[in-house]
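Each remark here refers to the structure printed beneath this line.
Bear in mind that the values here come from a model prediction, so they are computed numbers and not experimental data. Sequential numbering from 1 along the given sequence is applied to the chain's residues.
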Amino acid sequence: MTRVLVVEDNADLAFGLRTALENDGYSVDLAGDGEAGVKGAAAADLIILDLMLPRLDGYRALQSIREAGVGAPVLVLTARGEEANKVQAFGLGADDYVTKPFGTLELLARVRALLRRVRGGARPDAVERFGDIEVNPASRTVYRGGRLVGLAPREFDLLMALLRHAGAAVSRTTLLGQVWTYQPEVVSRTVDIHVAELRRKLEPDPANPRHILTVWKVGYRLER
């Protein structure tokens, strides 16, 4: 059974999360502070982590979890909705971010999506394809119609981030965190500029893209 660790100091919220997750078929462990969360992380298949925690805040807990080599996806759950907070969390290794208050059905959907990505996705070094594009992560090369396409390092990283979320809308904040890893001087417009370059190099008609699509007021979605 899939094991979920909920690191949340609000007892009522923790109980509600536990009930919802158990009803959805998961085994659930609870931790009431950051230190307990770090200790229990190694046994979890997925971690739901609050940022405002006693003893060790969520940022430091997340950093400790990743430094310990724990690769389980981390869903950050917090009342802090500012973009800087989100970017910092992604830079420390978070995989998704939900702002309180939230809907239980949305949270469960995000949990399922994270687990599918980890378990059902392709190997990290597997060749990815969409349209006439072939992407080789191991060699960091991209071919369009059999011809090599020159991508800048950030363009390639952005393309890989979109591929990891293929079919789903990805916010600019998520892309900033995963590609630029919390560099304060980087702003959302940076993502738009790099997406425009990817379209120019990979889309048959960049003005009417078929694969790298804009999701209004959210970010972007890659369609195969």
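- Judged by distance alone, the side chain of Asn23 and the main-chain N or O of Thr19 form a donor-acceptor pair under 3.5 Å.
- In the hydrophobic cluster analysis, where Ile, Leu, Val, Met, Phe, Trp and Tyr join through side-chain heavy atoms closer than 4.5 angstrom, Leu108 is grouped apart from Phe15.
- Here the closest heavy-atom approach between residue Arg112 and residue Tyr26 is recorded as CG-OH, 3.4 Å.
- Side-chain contact check for Val142 versus Glu134: every heavy-atom pair is 4.5 Å or farther apart.
- Screening Leu198, Val149, Leu202 for a side-chain contact (heavy atoms from CB on, under 4.5 Å) with Glu155, the sole residue that qualifies is Leu198.
- When all heavy atoms are compared, the tightest approach of Gly34 to Ala61 is O-CB, 4.1 Å.
- Nearest approach of Arg224 to Glu128, heavy atoms of both residues: NH2-OE1, 3.0 Å.
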Under 3.5 Å, side-chain donor or acceptor atoms of residues 213-221 against the rest of the protein: list the pairs with distances, not counting sequence neighbours.
unit_1	atom_1	unit_2	atom_2	d
Thr214	OG1	Arg199	NH2	2.8
Tyr220	OH	Asp192	OD1	2.6
Arg221	NE	Glu223	OE2	2.6

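- Grouping the Ile, Leu, Val, Met, Phe, Trp and Tyr side chains by contacts below 4.5 angstrom, directly or via other members, places Val4 with Leu13.
- Taking both residues in full, the closest heavy atoms of His165 and Val170 are given as CB-CG2, 3.3 Å, listed atom of the first, atom of the second, then distance.
- For the residue pair Ala89 and Val76, the shortest heavy atom distance occurs at CB-CG2, 4.3 Å.
- Within the 4.5 Å cutoff, side-chain heavy atoms of Thr78 are placed close to those of Tyr97.
- Arg110 has no carboxylate O lying under 4.0 Å from a charged side-chain N of Asp95, or vice versa, which leaves the two without a salt bridge.
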Pairs of donor and acceptor atoms involving the side chains of residues 35-53, under 3.5 Å and at least two apart or interchain, shall be tabulated with distances.
unit_1	atom_1	unit_2	atom_2	d
Glu35	OE1	Arg55	NE	3.4
Glu35	OE1	Arg55	NH2	2.9
Asp45	OD2	Arg3	N	2.7

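- Of the possible polar contacts, one joining the Arg66 side chain to the Val70 backbone as a donor-acceptor pair under 3.5 Å is found.
- With hydrogens and angles disregarded, no donor-acceptor distance shorter than 3.5 Å links the side chain of Lys201 to the backbone of Leu151.
- Nearest heavy-atom pair across Asp33 and Pro54 is CB-O, 3.3 Å.
- A donor-acceptor contact shorter than 3.5 Å is absent between the side chain of Glu8 and the backbone of Gly32.
- Judged by distance alone, the side chain of Glu203 and the main-chain N or O of His211 form a donor-acceptor pair under 3.5 Å.
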